[in-house]
Amino acid sequence: MAIEKAIKAGVRPFVASASATAQRPAKSTTTSGPRMQRELPGLRKDVIEKRLKAGRDANNGIEGKDAARTPPKYFRTYEQVKAAMFELAQKYPDFVKVEDIGDSFEKSTGKADRDILSLVITSPKAGDKTRVMHIAGQHAREIANPEVLMRYALWALENYGKDPEATALLDNRILDLVVMVNPDGHAVVERGFTGERGGDLMKRKNTSGQNGQGTDLNRNWPEKNWGKAGSSRSPSSDTYMGPSPGSELEVQAVVARVETTMPKFFMDWHSYSELVLYPPEDDRKNTTPDQEHFVRVGKKMASFNGYTPQASIELYPTSGTSQLPYERHQIPSFVVETGTAFTQSDAQFEETYKKNFPVLQYAAKIAHDWKSASAGPEITSASINARGEITARATDALTGKAAKAIEVVTSLSQKEGSGVRLTKGAKGMFAGVARELAPRIGKQVVYVRAQSEDGNWGPYKAMWLSASVNAMPANAVRPMSLMGRKSA
């Protein structure tokens with residue numbers, strides 16, 4: 001009944017045949033790299049102050065001023081999201097599994113039938129693949145983020161075999177997407193949109209405890225600092241930490257998932273205030289041994305989405321949060337606060353997805369070795385012509401330093417430095433011929449990656465290399481212009 005009421009209220013059902021072109025950013029023949037640090041709006045003092053205020057307002061339950069008050073088209077009920085997952089599994093059986101990782105509080109009490117579900121996506125191609133885990137929807141009112149992950153999943157699946165980046169992603173990574181950690185709270189928001197009794201668009205917590213007051217799941221993680229800064233012992237508070245560390249079934253499910261699968265990279269998606277957050281979360285003096293790496297990755301993510309990168313403590317002190325994977329297992333753990341409202345409008349959601357699509361991609365590309373890969377330069381442009389001639393350019397997003405070397409490989413498992421080396425020319429341009437990498441038939445994904453002066457290899461750029469280059473006479477392949485004389 002709730003689904004029918006939601007549809008009447010304007011909540012959009014899942015459309016399995018949604019166009020791939022509507023699910024991804026505009027296609028380009030070259031890749032656009034991140035902007036340099038000096039150009040990032042998120043590092044301006046006035047922008048930082050504005051976003052910090054927005055983040056603190058959000059923590060206090062103050063809705064963004066641009067919030068939509070009617071159900072946006074992207075919003076779906078728990079049942080619709082669940083159905084969408086199983087439709088994807090049915091349509092792409094070799095790529096998708098829907099895994100039940102635990103029960104919600106209301107399921108445990110027999111009040112409702114809601115599971116904590118993980119959408120696991122990878123290609124059937126064999127290999128040692130890196131697992132990247134994303135979660136969203138810990139706070140029920142932050143409705144855009146489950147849909148960001150669902151759209152990303154749809155983009156990867158619909159474009160596999162068509163787009164080299166989507167193909168490379170699923171051939172080399174396992175996406176583990178827990179898109180809705182708090183389904184009971186989400187149901188309360190659903191009822192808020194349909195006007196049903198007990199509905200509340202500002203519901204943050206789950207529905208455990210007396211009268212369904214709930215626990216703030218993102219203060220309930222069993223970290224060593226549970227129950228300290230930024231949490232409350234009052235069950236009526238929006239930051240109520242729960243009766244004990246990890247007391248909530250939803251938190252238990254995600255923690256167990258982390259410790260069973262041991263992903264190489266972990267991200268938690270929240271709203272709102274346009275921030276990229278990383279440890280420490282509760283003590284300004286308690287920096288981590290990996291602080292330089294957290295700062296660098298945070299800034300590079302911000303170079304894509306324009307958000308403000310900072311330690312969580314710079315927003316406000318917190319405890320018992322999803323930074324637990326790093327505390328226990330040194331799994332890099334980041335939080336992204338999207339948008340400027342809990343209930344983002346459709347236009348705001350489109351902007352959120354557009355800005356954070358490259359962040360999702362960047363996280364996947366550096367996940368295998370986040371410290372080293374993030375220290376390497378990013379490919380800022382790359383192209384292959386019909387003769388198999390490649391041109392590429394790479395620059396570090398933060399330092400502005402050009403790459404020392406660029407190579408092309410057919411597998412990411414290939415030892416760094418062992419690929420086809422491109423020749424360095426003027427103005428940071430590299431060029432060469434990758435004819436020998438072309439397949440005998442069809443097309444092959446090749447990976448372009450660059451090395452910094454201190455030896456770190458950055459994230460790859462995937463491109464197609466066609467077998468047609470092998471059909472060309474050898475004398476048709478000629479050295480390319482390097483836009484000037486070769487540099488020393």
*Asks:* Could you tell me the separation between the CD1 atom of Ile116 and the CG atom of Asn182, rounded to the nearest 0.5 Å?
*Replies:*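 It comes to 7.5 Å.
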*Asks:* We want to know whether Ser372 and Asn456 form a side-chain donor-acceptor pair, criterion being a heavy-atom distance below 3.5 angstrom.
*Replies:*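 Yes, because at least one side-chain N or O of Ser372 sits under 3.5 Å from a partner of the opposite role on Asn456.
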*Asks:* Measure across Asp396 and Gly376 and return the closest heavy-atom pair with its distance rounded to 0.1 Å.
*Replies:*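 Looking at all heavy atoms of both residues, the shortest contact is OD2-O, 3.9 Å.
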*Asks:* What I want to find out is whether Lys107 reaches Asp113 closely enough, with some N-O distance under 4.0 Å, to be called a salt bridge.
*Replies:*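 Salt bridge flag = yes for Asp113 with Lys107.
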*Asks:* When you check the side-chain N and O atoms of Ser236 and Gln213, is any donor under 3.5 Å from an acceptor?
*Replies:*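 There is no such pair between these side chains.
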*Asks:* Under a 4.5 Å cut-off applied to non-hydrogen side-chain atoms, are Ile366 and Phe265 in contact?
*Replies:*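 Ile366 reaches Phe265 side chain to side chain.
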*Asks:* Does the side chain of Arg141 come within less than 4.5 Å of Lys203's, by heavy atoms?
*Replies:*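 Answer no - side chains too far apart.
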*Asks:* Is any side-chain heavy atom of Asp216 closer than 4.5 Å to a side-chain heavy atom of Ser231?
*Replies:*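 No, side chains not in contact.
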*Asks:* Is a donor on one side and an acceptor on the other found under 3.5 Å between the side chain of Asp115 and the backbone of Leu117?
*Replies:*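 The answer is no, because no donor-acceptor pair under 3.5 Å joins these two groups.
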*Asks:* Rounded to the nearest 0.5 Å, what's the gap from CG on Leu119 to NE2 on His134? Could you check?
*Replies:*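 Taking CG in Leu119 and NE2 in His134, the distance rounds to 12.0 Å.
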*Asks:* If you take all heavy atoms of Phe193 and Pro72, which pair is closest and at what distance?
*Replies:*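 Scanning both residues, the minimum pair turns out to be CZ-CD, 4.0 Å.
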*Asks:* Distance alone, cut at 3.5 Å: any donor-acceptor contact between the side chains of Glu223 and Ser319?
*Replies:*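 Side-chain D/A pair, Glu223 to Ser319: absent.
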*Asks:* Scan residues 328-339 for pairs that pass salt bridge (Lys or Arg N to Asp or Glu O under 4.0 Å), counting only residues two or more places apart or in two chains.
*Replies:*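 Applying salt bridge (Lys or Arg N to Asp or Glu O under 4.0 Å) to every pair that reaches into residues 328-339, excluding sequence neighbours, yields Glu259-Arg328.
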*Asks:* For the residue pair Trp221 / Gln138, report whether a side-chain donor-acceptor contact shorter than 3.5 Å exists.
*Replies:*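 Yes, because at least one side-chain N or O of Gln138 sits under 3.5 Å from a partner of the opposite role on Trp221.
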*Asks:* Out of curiosity, Ile313 CD1 to Thr318 OG1, how far, rounded to the nearest 0.5 Å?
*Replies:*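 So the CD1 of Ile313 and the OG1 of Thr318 are separated by 7.0 Å.
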*Asks:* Flag the pair Glu147 and Arg76 as a salt bridge only when some basic side-chain nitrogen lies within less than 4.0 angstrom of an acidic carboxylate oxygen.
*Replies:*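 So Glu147 pairs with Arg76 through a salt bridge.
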*Asks:* Return the minimal non-hydrogen interatomic distance between Ala373 and Pro459, and the atom names on each side.
*Replies:*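 So the two residues come closest at O-CD, 3.4 Å.
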*Asks:* Can you tell me if Lys264 and Thr130 form a side-chain donor-acceptor pair at under 3.5 Å?
*Replies:*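 Checked: Lys264/Thr130 side chains show no N/O donor-acceptor pair below 3.5 Å.
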*Asks:* So does Lys461 pair up with Glu378, basic N to acidic O under 4.0 Å?
*Replies:*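 No, this pair does not count.
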*Asks:* Nearest 0.5 Å please: distance from the CE atom of Met301 over to the CG atom of Leu360.
*Replies:*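 Answer for the CE-CG pair, Met301 versus Leu360, is 8.5 Å.
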*Asks:* In plain terms, say whether Lys365 and Glu165 are close enough for a salt bridge, that is, a side-chain N and a carboxylate O under 4.0 Å apart.
*Replies:*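 So Lys365 pairs with Glu165 through a salt bridge.
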*Asks:* Checking side chain to side chain donor-acceptor pair (under 3.5 Å) for the pair Glu79/Thr77: CA distance, chi angles, key distance, verdict?
*Replies:* CA-CA 5 Å; Glu79 292 293 343; Thr77 68; over 6 Å; no
*Asks:* Can you tell me if Tyr278 uses its side chain to pair, donor with acceptor, with the backbone of Gln323 under 3.5 Å?
*Replies:*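 Such a contact is absent between Tyr278 side chain and Gln323 backbone.
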*Asks:* Exactly one of Leu177, Asp176, Ile331 should register a side-chain contact (heavy atoms from CB on, under 4.5 Å) with Met133. Which one does?
*Replies:*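 Checked Leu177, Asp176, Ile331 against Met133; only one passes side-chain contact (heavy atoms from CB on, under 4.5 Å): Asp176.
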*Asks:* Check whether any side-chain N or O of Arg204 sits under 3.5 Å from a backbone N or O of Asp238 as a donor-acceptor pair, and report yes or no.
*Replies:*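 Looks like yes, one N/O pair under 3.5 Å.
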*Asks:* Should the ring pair Trp370 and Phe294 be called parallel, tilted or perpendicular, given that the plane angle runs from 0 to 90° and is split at 30 and 60?
*Replies:*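 The arrangement is tilted - the two ring planes meet at 30° to 60°.
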*Asks:* Find the distance between CD (Glu248) and OG1 (Thr207) and round it off to the nearest 0.5 Å.
*Replies:*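 These two atoms lie 9.5 Å from each other.
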*Asks:* Going by an N to O cut-off under 4.0 Å, is there a salt bridge joining Arg151 and Glu350?
*Replies:*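 Yes, Arg151 and Glu350 are salt-bridged.
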*Asks:* Taking the side chain as every heavy atom from C-beta outward, state whether Ser208 and Tyr240 have any pair of such atoms under 4.5 Å apart.
*Replies:*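 Counting from C-beta outward, Ser208 and Tyr240 never come under 4.5 Å.
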*Asks:* Looking only at atom types and distance, does a side-chain atom of Lys205 sit under 3.5 Å from a main-chain N or O of Pro235, one as donor and one as acceptor?
*Replies:*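 A pair under 3.5 Å: yes.
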*Asks:* Aromatic rings Trp155 and Tyr152: how do their planes relate, parallel, tilted or perpendicular, breaks at 30° and 60°?
*Replies:*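 Parallel.
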*Asks:* Tell me whether Arg114 is salt-bridged to Asp103, with the criterion being a basic N under 4.0 Å from an acidic carboxylate O.
*Replies:*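 Salt bridge absent between Arg114 and Asp103.
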*Asks:* Between Ser118 and Glu99, is the side chain to side chain donor-acceptor pair (under 3.5 Å) condition met? List the steps.
*Replies:* CA-CA 5 Å; Ser118 179; Glu99 298 185 7; 5.7 Å; no
*Asks:* Tell me whether the centres of the aromatic rings in Tyr92 and Tyr160 are closer together than 6.0 Å.
*Replies:*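 Tyr92 vs Tyr160: aromatic centres not under 6.0 Å.
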*Asks:* Any donor-acceptor pair under 3.5 Å linking the side-chain atoms of Thr239 with those of Arg219?
*Replies:*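 Absent: no donor and acceptor within the cut-off.
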*Asks:* Using side-chain heavy atoms (C-beta onward) and a distance below 4.5 Å, is Thr308 in contact with Glu274?
*Replies:*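 No, their side chains stay 4.5 Å or more apart.
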*Asks:* Quick one: which of Asn220, Thr215, Asn206 gives a side-chain contact (heavy atoms from CB on, under 4.5 Å) with Glu250?
*Replies:*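 Exactly one candidate clears the test, Asn206.
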*Asks:* Quick one: does Ile143's side chain get under 4.5 Å of Phe349's, heavy atoms only?
*Replies:*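 Of all side-chain heavy-atom pairs linking Phe349 with Ile143, none is under 4.5 Å.
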*Asks:* Give a yes or no on this: more than 12 heavy atoms of other residues, nucleotides or ligands lie within 6.0 Å of atom CD of Gln330.
*Replies:*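 More than 12 heavy atoms, drawn from other residues, nucleotides or ligands, come within 6.0 Å of this atom.
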*Asks:* Are side-chain N/O atoms of Lys162 and Thr167 paired as donor and acceptor at under 3.5 Å?
*Replies:*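 The criterion, which ignores hydrogens and geometry beyond distance, is not satisfied for Thr167 and Lys162.
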*Asks:* More than 12 non-hydrogen atoms from neighbouring residues, nucleotides or ligands closer than 6.0 Å to CG on Asp128, yes or no?
*Replies:*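 No - once you tally the heavy atoms of other residues, nucleotides and ligands closer than 6.0 Å, there are 12 at most.
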*Asks:* Between Thr287 and Pro280, what is the shortest heavy-atom contact and its length?
*Replies:*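 Minimum heavy-atom contact is CA-CG, 4.3 Å.
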*Asks:* For a ring pair (Phe, Tyr, Trp, His ring centres under 6.0 Å) check, start with the C-alpha distance between Phe334 and Phe266, then their side-chain angles and the critical distance, and finish with the verdict.
*Replies:* CA-CA 7 Å; Phe334 288 82; Phe266 180 92; over 10 Å; no
*Asks:* Please check this pair: side chain of Ser123 against backbone of Leu170, looking for a donor-acceptor N/O pair closer than 3.5 Å.
*Replies:*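 A pair under 3.5 Å: yes.
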*Asks:* Is any side-chain heavy atom of Ile174 closer than 4.5 Å to a side-chain heavy atom of Ile121?
*Replies:*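 No, every pair of side-chain atoms sits at 4.5 Å or beyond.
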*Asks:* With ring centroids as reference points, do His270 and Phe342 lie under 6.0 angstrom apart?
*Replies:*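 Distance test on ring centres: not under 6.0 Å, no.
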*Asks:* Should the heavy atoms of other residues, nucleotides or ligands under 6.0 Å from NZ of Lys129 be counted, would the total exceed 12?
*Replies:*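 Buried by this count: over 12 neighbours within 6.0 Å.
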*Asks:* Rounded to the nearest 0.5 Å, how far does CD of Glu351 lie from CG of Asp346?
*Replies:*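 Rounded to the nearest 0.5 Å, the CG-CD separation comes to 13.5 Å.
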*Asks:* Starting from the C-alpha separation in whole Å, work towards a yes-or-no answer on side chain to side chain donor-acceptor pair (under 3.5 Å) for Asn145 and Ser271.
*Replies:* CA-CA 8 Å; Asn145 302 311; Ser271 297; 3.0 Å; yes
*Asks:* Under 3.5 Å, is there a donor on one side chain and an acceptor on the other for Gln291 and Thr288?
*Replies:*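 A pair is found: one side chain offers a donor N or O, the other an acceptor, under 3.5 Å apart.
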*Asks:* Side chains of Asp184 and Tyr78: do they bring a donor and an acceptor to under 3.5 Å?
*Replies:*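 Short answer, no.
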*Asks:* Working note: Tyr460 + His368, criterion ring pair (Phe, Tyr, Trp, His ring centres under 6.0 Å); need CA distance, chi angles, decisive distance, verdict.
*Replies:* CA-CA 12 Å; Tyr460 68 84; His368 65 291; 8.2 Å; no
*Asks:* Less than 4.5 Å apart, side chain to side chain, heavy atoms only: is that true for Tyr353 and Thr338?
*Replies:*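 Side chain of Tyr353 against side chain of Thr338, heavy atoms only: no contact under 4.5 Å found.
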